[in-house]
2 protein chains.
Amino acid sequence: MFAIGKASEQSGVNIETIRYYEREGIVPKPGRSAGGRRLYSPDEIAKLRFVRRCRDLGFPIAIIQTFLSLTEQDDRSCGEVKTLAENHLDEINAKIENLTRLREALLSLSANCDDGTAACPMLNSLMKDGFGEDRSNECRH
Amino acid sequence: MFAIGKASEQSGVNIETIRYYEREGIVPKPGRSAGGRRLYSPDEIAKLRFVRRCRDLGFPIAIIQTFLSLTEQDDRSCGEVKTLAENHLDEINAKIENLTRLREALLSLSANCDDGTAACPMLNSLMKDGFGEDRSNECRH
DNA sequence: GCTTGCTCCTGTAGCCACTACAGGAACTAA
DNA sequence: TTAGTTCCTGTAGTGGCTACAGGAGCAAGC
C-alpha cells in the first residue's frame with residue numbers, strides 16, 4: 001500500500017487531482033491508515049494511471065467513467081468502447097480542421113502586418129464592418 | 001443607439017456575454033436610457049464585433065485587451081500586433097501537432113477493437129503497467 | 001524524548017470564458 | 001389596459017483542475 005505521494009508518482013496524476021477525482025467519485029475512495037492518510041493498492045494506482053492516459057488522449061471525464069464501468073464488467077464490451085473512441089476521433093478531427101482554418105485566417109490577416117503603414121491592417125480588418133462575415137448568419141447563442 | 005438585443009444581433013455576441021464583458025471591463029460601460037437600459041452606439045457595437053472576431057480566431061481575452069488598447073492609439077502599432085499574432089500562431093500549430101499525434105495514438109489503440117475478443121484490447125492497453133510510458137518521466141505537476 | 005522538516009489532511013477559493021437561471025422592472029403593440 | 005417581449009441585477013454553475021491556509025501525522029537524527 002502506498003501513500004498519496006507515491007500514488008501520484010506512480011500514476012502520473014497530481015496529488016490535488018487525485019483528491020479531486022475522489023471527491024467527484026471518479027475513482028473509488030481508498031482505505032485509510034490509522035492516522036487518517038489515504039492508502040492506495042497497486043490496482044487503485046493502475047486505475048489512476050488509466051484515467052490519466054485517457055485524459056492525455058483528450059477523453060472527457062464522463063466518457064472515462066463509462067470506460068471504468070466497462071472495465072468492471074468481465075466482457076470489456078468492445079463495441080461500446082470503439083463507438084466512443086470513434087466519436088472522440090471525429091471531435092479531434094473537427095478540432096484539427098477548425099484550427100487549420102483558423103491558422104490560414106490568421107496568416108492572411110497578419111501577412112500585411114509589416115508594410116510600414118501606421119494603422120495596423122490586421123486590427124483594421126477586424127474592426128471593419130463586413131469583413132469575412134456571412135450576412136445570413138444570425139446571432140449565435 | 002441600440003438596445004442590448006440589437007447590439008447582440010449586430011455584433012454576434014450573446015447578450016449575457018456582452019454584460020459579462022462589461023462587468024470584466026473588457027469593453028467600456030455603455031450609456032443608459034431613462035429607464036436604465038444599456039444603449040450602444042455603432043462604434044461600441046463595432047468594438048463588440050471586434051472582440052468576437054478575435055475570440056473566433058482563438059485569442060484569449062487578455063490579448064484582445066491589448067489589441068483594444070492598441071486600437072485606441074492612433075498608430076495601431078503593427079509590430080506588437082504581429083508578435084502577438086505570431087505567438088498565437090505558434091500555439092495553434094502546437095495544438096494541431098498535439099491533436100494529430102493524439103489522433104494517431106487513438107487510431108492505433110482502437111484498431112484492434114473489433115477482433116471479437118471478450119476483453120477490449122484498447123482498455124487493456126490503457127490499464128497495463130508500462131504501456132506507452134516513458135519511464136524517465138517524473139510525475140508531471 | 002525532542003526537534004526538524006517533510007508529507008499529508010480538510011476546506012475553500014480561484015482559473016477561463018462564459019452560460020443559465022430567478023425574480024422583477026420597463027417598454028411596445030393591440 | 002393588458003399581454004407579451006425585452007431588459008435589469010445578482011448569483012451560481014460549467015470542466016477539470018490548481019492553489020492556497022491552517023493544521024496534524026510521521027520518520028530520522030540528536
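The chains referred to below are lettered A, B, ... by the order of the sequence lines, with proteins before strands, and numbering in each begins at 1.
Inter-residue side-chain proximity for B:Phe2 and B:Leu39 is flagged as unmet; no heavy-atom pair is nearer than 4.5 Å. Side-chain contact between B:Cys120 and A:Leu70 is absent, with no heavy atoms from C-beta onward closer than 4.5 Å. Side-chain contact between B:Phe50 and A:Leu123 is present, with at least one heavy-atom pair separated by less than 4.5 Å.
Taking atom CD on A:Glu22 and atom P on C:dG11, their separation rounds to 12 Å, with Å as the unit. One can place CD1 of A:Ile15 at 11 Å from C1' of C:dC6, the figure rounded to the nearest angstrom. Rounded to an integer number of Å, the gap from A:Glu16 CD to D:dA21 P is 12 Å. Between the CD1 atom of B:Ile18 and the P atom of D:dT6 there is a distance of 14 Å, given to the nearest Å. A:Arg55 has its CZ atom 9 Å from the C1' atom of D:dC17, to the nearest Å. Atom-to-atom, CD of A:Glu24 to P of D:dT18 comes out at 14 Å; the value is rounded to the nearest Å. Rounded to whole angstrom, the span from the CZ atom of B:Arg38 across to the P atom of C:dA26 amounts to 15 Å. If you take CD1 of B:Ile61 and P of C:dT19, they are 11 Å apart, rounded to a whole angstrom.
Of the two residues near DNA chain C, A:Arg23 and A:Ile4, the one whose nearest nucleotide lies more 5' is A:Ile4.
Contact check, A:Asn14 against D:dC17: no side-chain N or O comes under 4.0 Å of OP1 or OP2. Using a 4.0 Å cut-off, no side-chain N or O of A:Arg19 falls inside it from OP1 or OP2 of D:dG16. Contact check, A:Tyr21 against D:dC17: a side-chain N or O comes under 4.0 Å of OP1 or OP2. Listed pair A:Thr17 / D:dT18 meets the phosphate criterion, a side-chain N or O lying under 4.0 Å from OP1 or OP2.
Checked by atom type and distance alone, the side chain of A:Arg103 never pairs as donor or acceptor with a backbone atom of B:Ile92 at under 3.5 Å. Checking side-chain atoms of B:Thr100 against main-chain N and O of B:Ile96 turns up a donor-acceptor pair under 3.5 Å. A distance-only check finds a donor-acceptor pair linking the side chain of A:Arg53 to the backbone of B:Leu126 [under 3.5 Å]. Here the side chain of A:His88 pairs no donor or acceptor atom with the backbone of B:Leu106 at under 3.5 angstrom.
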Anything under 3.5 Å between a donor and an acceptor, one on a side chain of residues 31-38 of chain A, the other on a protein residue two or more places apart or in another chain? List them.
from    : atom 1 : to      : atom 2 : distance (Å)
A:Arg32 : NH1    : A:Gly36 : O      : 2.8
A:Ser33 : OG     : A:Gly35 : N      : 3.3
A:Ser33 : OG     : A:Gly36 : N      : 3.4
A:Ser33 : OG     : A:Arg37 : N      : 3.1
A:Arg38 : NE     : A:Glu22 : OE1    : 2.6

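Residues passing the ring pair (Phe, Tyr, Trp, His ring centres under 6.0 Å) test with B:Tyr40: none are found, sequence neighbours excluded.
Helix bend of the helix from C:dG1-D:dC30 to C:dA30-D:dT1: the angle between its two end axes, each built from five pairs, comes to 20° after rounding to 10°.
Heavy-atom neighbours of B:Lys82 NZ from other residues, nucleotides or ligands within 6.0 Å: above the threshold of 12.
For the segment residues 86-101 of chain A, the set of residues with a heavy atom within less than 4.0 Å of an atom of DNA chain D is empty.
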So which protein nitrogen or oxygen atoms get under 3.5 Å of nucleotides 3-5 of chain D's nitrogens or oxygens?
none

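Listed by first and then second residue, the ring-ring contact (aromatic ring centres under 6.0 Å, His included) pairs that reach into residues 5-25 of chain A come to none, sequence neighbours excluded.
If you chain together hydrophobic residues whose side chains sit under 4.5 Å apart, A:Ile4 and A:Met1 never meet in one group.
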